[in-house]
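Data block below; observations after.
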Amino acid sequence: MKITFLGHAGLHVETRRGSILCDPWFNPAYFASWVPFPSNQELDPATFGSPDFLYVSHVHRDHLDRSFLREHVSKDATVILPDHPLDLVHRELEALGFTRFVETKTNAPLELDGGLRVMTVCTIFPADGPLGDSALAIDDGEVRIFDQNDARPVDLDGAHDFGRFDAHLVQFSGAIWYPMVYRFPPQMKSALGRKKRETQMARSLRYSRQIGAGWVIPMAGPPCFLDDDLFGLNDLGDDPANVFPDQTLYLEYMRDQGADNGRLMIPGSVATLDPRRLEIEHPSDPASIFGDKRAYLERFRERMRPRIEAEKASWPRGQVDVLAELREWFEPVLDLADRTAAAINGRVLLDLGAPQVVLDFWTRRVYAWEGGECEYRFWVDPALVEQLITDHDEDWVNRLFLSCRFEAERHGSYNEYLYSFFKCLSAERIEYAEGCYSEQLPEREFFECAGYRIQRRCPHLKADLSRFGVVEDGILTCTLHGWQFELATGRCLTSDDRRLFSEPLSEPAAAEQ
């Protein structure tokens, strides 16, 4: 088996039974904030643009590069589809001109035309990637590899059943905005960054030990940040709190933990793999990249500067009535977001300078901020929101939040429901998320009492209402602190700025109470 590394999570896998192109990414993503690192601009798409099969793990823009796929990948390729309930990958690729698709079932091996055996391992919960992620196992009859990219499956038993792997390709670096964008005190932000850096590398090593492959190749990150406004996010080797360590630092971490089977690949590296050996040929000396990384990135920044500046200049300013458009778009979604709203249980302020917009998850309304406390606050360039509105982008995580082009503040701990809401800005998406919560988290998030399904945690100080809630005459009282709520409406009788999620049970169920 021959594996050409294309940068980030991109692979071109050539076998005697066929070839697969995986997750090719070449163009700046997320409002031009992410760029593949190291540079893969020197690669010739003609050498890998006509594969037998195409695999795109999920629709994040550093995996599904629309421009590259449209312009450089043969539409004769058969697409290996991950097993996701929402067929987002299929829709995107069909819109780009691909017509041949083969569906997979998670953890179920499938033999493709030509005899190549593959299997996807999929995650489908709202918090998993853009409403789903996936990994790919490949077996050509002699060699097996597991392309985990940045998927985080909870259960790897299916992968083990596929057979012993010769190589494991896995993410190791940060790929999210925390804690950098938060307005935490510097000492706190540094401590959180150190913890995240250690946690993400430890997680990757744990995955590799679970898979047990002969060789481990770190991939799917980090990107590099070449806009002047974001350049400080790059890990230049002088900040142990930076959450974007590069491949060489992770390989050093592996060795420190007693794992000496990690190997470096850079864009254009070709690995020849059989059950007994792994040989890697690099297109250039990796020291030219990692030896003086700052100088390398500064040269790269100058090459990319015109392109990044051109994209920034294209963003609309003052062309959209942001408040009116968000009200018309978001309020119908909020009306469907019962469990999401209950779990967020607060107000979100989008501080765009002008306007300042509140997303109120108590009243399910969108309105102009007139002061008052909001549990979550985002400071965003209004041009970015205008662009999202213009494009009617239904997943703001896959555009705005991954860009790191914002600042944030919150009261309390991280709330995954909030960011999942921003992935679900359509009726179809929010109904999918609500269904997941209803099926998989009913006991944790809600309980039934007096003919109603009620959120489990009190909106005041999160007391467990299944233990401390008492209902009399349609009024629920939290006996821990005395707060009261009207079950028929969710209205708080103790404070005007809190609400309780409650919904009537069906008539037969209510009669049993």
Side-chain angles (χ1 to χ4, degrees), residues 30-34 127 173-200 222-236 238-245 312 315 322-323 326 330 343-362 366-388 395-423 459 461-462 497-498:
Y30 309 123
F31 288 114
S33 62
W34 286 35
S173 182
I176 203 167
W177 52 88
Y178 173 85
M180 302 85 64
V181 304
Y182 280 90
R183 292 188 173 183
F184 295 142
Q187 188 173 0
M188 178 182 177
K189 185 179 290 188
S190 178
L192 292 171
R194 287 172 181 263
K195 181 178 179 180
K196 181 173 176 61
R197 180 183 176 112
E198 170 67 24
T199 298
Q200 65 201 14
C224 58
F225 302 88
L226 301 183
D227 186 354
D228 291 339
D229 295 337
L230 301 171
F231 194 79
L233 296 179
N234 295 301
D235 185 359
L236 301 176
D238 55 0
D239 182 6
N242 190 289
V243 302
F244 298 109
K312 292 170 69 175
W315 299 338
V322 171
L323 177 59
L326 289 183
F330 280 26
I344 294 172
N345 195 32
R347 290 178 291 196
V348 177
L349 175 59
L350 299 178
D351 193 334
L352 313 178
Q356 293 172 303
V357 180
V358 175
L359 312 182
D360 191 327
F361 287 87
W362 294 322
V366 176
Y367 50 83
W369 186 57
E370 297 180 352
E373 182 180 352
C374 291
E375 285 67 27
Y376 308 94
R377 185 167 185 166
F378 296 110
W379 287 265
V380 186
D381 182 340
L384 303 184
V385 175
E386 287 195 39
Q387 188 70 67
L388 293 167
D395 183 350
W396 285 22
V397 171
N398 194 14
R399 192 80 178 277
L400 171 63
F401 293 115
L402 282 169
S403 77
C404 298
R405 293 186 182 275
F406 71 103
E407 290 185 285
E409 191 174 75
R410 69 186 187 217
H411 300 313
S413 60
Y414 173 73
N415 189 327
E416 71 177 40
Y417 294 90
L418 176 58
Y419 288 103
S420 291
F421 170 79
F422 281 108
K423 300 176 186 179
L461 292 176
K462 313 305 180 189
D497 65 353
R498 293 291 188 271

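Both backbone and side-chain heavy atoms feed into the values below; hydrogens, waters and symmetry mates do not. Each residue takes its place number in the sequence, starting with 1. Keep in mind that what you see is a predicted model, and the values were worked out from it rather than measured.
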Review point. Going by the angle between their ring planes, with limits at 30° and 60°, are Phe422 and Trp396 parallel, tilted or perpendicular?
Key: parallel
Study note, to complete from the structure: Residues passing the side-chain contact (heavy atoms from CB on, under 4.5 Å) test with Lys312, sequence neighbours excluded, are Asp227, Asp229, Ile308, Glu309, Trp315, Arg405
Practice item. Locate the shortest heavy-atom distance separating Met180 from Cys404; write the atom from each residue and the value. Key: CE-SG, 4.2 Å
Check your understanding: Is Arg183 paired with Glu407 through a side-chain N to carboxylate O contact shorter than 4.0 Å?
Key -> yes
Check your understanding: Quick check: does any side chain N or O of Asp381 sit under 3.5 Å from a backbone N or O of Ala383, one acting as donor and the other as acceptor?
Key -> yes
**Study point:** Atom pair CZ (Phe31) and CG (Leu230), whose distance is rounded to the nearest 0.5 Å
**Key:** 12.5 Å
Study note, to complete from the structure: Taken to the nearest 0.5 Å, the spacing of Leu352 CG from Leu326 CG works out to 7.5 Å
**Study point:** Side-chain donor/acceptor of Gln200 to backbone N/O of Val243, under 3.5 Å
**Key:** yes
Review point. Between Tyr367 and Asp360, which heavy-atom pair has the shortest distance, and what is it?
Key: OH-OD2, 2.7 Å
Review point. Is there side-chain contact between Phe378 and Leu400, with heavy atoms separated by less than 4.5 Å?
Key: no
Check your understanding: How long is the gap from OG on Ser173 to NZ on Lys196, to the nearest 0.5 Å?
Key -> 9.0 Å
Exercise for review: Give the ring-plane orientation class for Tyr419 versus Tyr414, where under 30° counts as parallel, over 60° as perpendicular and anything between as tilted.
Suggested key: parallel
Check your understanding: So do Arg377 and Gln356 actually touch side chain to side chain, heavy atoms under 4.5 Å?
Key -> yes
Point to revise | Ser420 (side chain) donor-acceptor with Tyr417 (main chain) under 3.5 angstrom | key: no
Revision key, fill the gap. d(Phe406 CZ, Leu384 CG) to nearest 0.5 Å is 11.0 Å
Revision key, fill the gap. Minimal heavy-atom distance between Asp351 and Gly353, with the atoms involved, is OD1-N, 3.1 Å
Exercise for review: Supply the atom-to-atom distance Leu350 CG to Trp369 CH2, rounded to the nearest 0.5 angstrom.
Suggested key: 12.5 Å
Point to revise | CA sep, side-chain torsions, deciding dist, call: Asn234, Phe244, side-chain contact (heavy atoms from CB on, under 4.5 Å) | key: CA-CA 7 Å; Asn234 295 301; Phe244 298 109; over 6 Å; no
Check your understanding: Just by distance, do the side chain of Asn415 and the backbone of Ala343 share a donor-acceptor pair under 3.5 Å?
Key -> yes
Study note, to complete from the structure: Shortest non-hydrogen pair, Asp395 vs Val397, comes out as OD1-N, 3.0 Å
Review point. Would Leu192 and Tyr178 satisfy side-chain contact (heavy atoms from CB on, under 4.5 Å), going step by step from the backbone distance to the final call?
Key: CA-CA 9 Å; Leu192 292 171; Tyr178 173 85; 3.3 Å; yes
Point to revise | Nearest heavy-atom neighbours spanning Glu375 and Gly346 | key: OE1-CA, 3.4 Å
Exercise for review: Indicate yes or no for a side-chain donor-acceptor contact from Asn242 to the backbone of Leu233 under 3.5 Å, with no hydrogens or angles considered.
Suggested key: yes
Check your understanding: Is the side chain of Trp34 donor-acceptor paired with the backbone N or O of Leu402 at a distance under 3.5 Å, no angle test?
Key -> yes
Review point. Is there side-chain contact between Asn345 and Trp362, with heavy atoms separated by less than 4.5 Å?
Key: yes
Exercise for review: Look at the rings of Tyr182 and Phe184 and say which category their plane angle falls in: under 30° parallel, 30 to 60° tilted, over 60° perpendicular.
Suggested key: parallel
**Study point:** Heavy-atom pair with the smallest gap, counting every atom of Pro240 and Arg197
**Key:** O-CD, 3.1 Å
Exercise for review: Report yes or no: does Arg347 contribute a side-chain atom to a donor-acceptor pair with the main-chain N or O of Glu373 at less than 3.5 Å?
Suggested key: yes
